[in-house]
2 protein chains.
Amino acid sequence: MDPSPQLLDRAFFALADPTRRAIIERLAEGPATVGELARPFDMSLPAISKHLTVLERARLIRREREAQRRLCSLEPEGLRPALHWMERAEAFWTESLDRLTGYLSQEQEELSHGTGRNARKKPKGRRKGKV
Amino acid sequence: MDPSPQLLDRAFFALADPTRRAIIERLAEGPATVGELARPFDMSLPAISKHLTVLERARLIRREREAQRRLCSLEPEGLRPALHWMERAEAFWTESLDRLTGYLSQEQEELSHGTGRNARKKPKGRRKGKV
DNA sequence: GGTCTAGTTAACCGAACAGTTAAATAGGAG
DNA sequence: CTCCTATTTAACTGTTCGGTTAACTAGACC
């Protein structure tokens, strides 16, 4: 079900660079050649080519020959794995935050009651649940 | 509106590591100390501490002193910027893919109708590359 | 053939990363 | 105060990253 974690690594890694994100945004407007993609950036062609390789290995884009050019386009399902991970995480996140909120407001109450620093006497419910 | 791109860089970068993702997943079950977070990993404590620093600089988690321990918890809005970027990208993505699909089927139709209006160079050379 | 265009590969470099061990720090407990 | 626990900081190391320039490859065009 979960794709190979490496793919997730690569996808997130690929997205961690502003140039690569810009390339993706540009590609969302439609396929483009390497040269077209490179133009807006103040960077050598080989540098762009490397970025494309990173995106390609992350399965976010595809490059195919067309005459002497190479046409780059988004890989249809490319974003899915990463997006899926994030959405799942976000669900847990919110859930966790809800739990935490109860806990925080309790602490805040204690703080505003003038217990100075640390006042951390919350029942340390060490939950061990596995999901 | 868009958060500083650096934050996006850091968030995606932080998520690009399986250890860090695992830490986040674990943290989604509730706050934990550094030691607790470290236990499941076959890695030194300082290494985990560094990962936590990365997550913290990406605003994905928070660390706060509690006696001599440090309690780590998810940062409430942490995932938002990255998630938002991805969702926006995904929208364009699909849109782009739709356009592309339409274009392709249109071309195919024209081909089968034999109308010479396809200003396209030539059909794809069946390239035998690796996939 | 030669040349022009489009892009990649190779070799290199400094900076950042991911891990290590050893020492330092902060606070609780005896 | 001393010791113990929890964690960070420091210093070091090998690897990867992101960029460069120079050389190579692939195909179009004359």
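Order of the sequence lines sets the chain letters (A, B, ...), proteins ahead of strands, with each chain counted from 1.
Looking only at distances, no side-chain donor or acceptor of B:W93 sits under 3.5 Å from a matching main-chain atom of A:L79.
The CZ atom of A:F41 lies 5.0 Å from the CD1 atom of A:I23; values are rounded to the nearest 0.5 Å. Atom-to-atom distance recorded for B:I61:CD1 and B:T53:OG1 is 8.0 Å, nearest 0.5 angstrom.
Between B:H51 and the phosphate of C:dG19, there is a side-chain N or O to OP1/OP2 separation shorter than 4.0 Å. In terms of phosphate contacts, B:S44 brings no side-chain nitrogen or oxygen within less than 4.0 Å of OP1 or OP2 of C:dG19.
Across residues 10-18 of chain B, B:F13 each have a non-hydrogen atom less than 4.0 Å from an atom of DNA chain C (numbered order).
Between A:E66 atom CD and D:dA26 atom P there is a gap of 18 Å when expressed in whole angstrom units. As rounded to whole Å, 14 Å separates atom P of C:dA18 from atom CZ of B:F41. Between A:D9 atom CG and C:dC17 atom P the separation is 16 Å, expressed in whole Å. Across the protein-nucleic acid pair, A:M43 atom CE and D:dT21 atom C1' stand 16 Å apart, rounded to whole Å.
With contacts defined as side-chain heavy-atom distances shorter than 4.5 Å, the pair B:L60/B:L15 qualifies.
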Nucleotide N/O to protein N/O under 3.5 Å, stretch nucleotides 13-15 of chain D:
none

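Within the structure, no pair that satisfies the salt bridge (Lys or Arg N to Asp or Glu O under 4.0 Å) test touches residues 30-53 of chain A, not counting sequence neighbours.
For B:R10, the side chain to side chain contact (heavy atoms under 4.5 Å, CB included) partners two or more places apart in sequence, or in a different chain, are B:Q6, B:R57, B:A58. With sequence neighbours left out, the side chain to side chain donor-acceptor pair (under 3.5 Å) criterion links B:E77 to B:R80.
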Handout entry: Letter per nucleotide, 5' to 3', of nucleotides 1-12 of chain D [B base touched, S only sugar-phosphate touched, - untouched; heavy atoms, 4.0 Å]
Key = ----BSBBB-B-
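Environment of CZ in A:R20: crowded, with over 12 heavy atoms of neighbouring residues, nucleotides or ligands closer than 6.0 Å.
Of the charged side-chain nitrogens involved, at least one lies within less than 4.0 Å of a carboxylate oxygen, so that A:R63 and A:E56 count as a salt-bridged pair. One finds no salt bridge joining B:E75 and B:R59 here, because no Lys/Arg side-chain nitrogen approaches an Asp/Glu carboxylate oxygen to under 4.0 Å.
Between B:W85 and B:F12, the ring-plane angle classifies as perpendicular under the 30° and 60° cut-offs.
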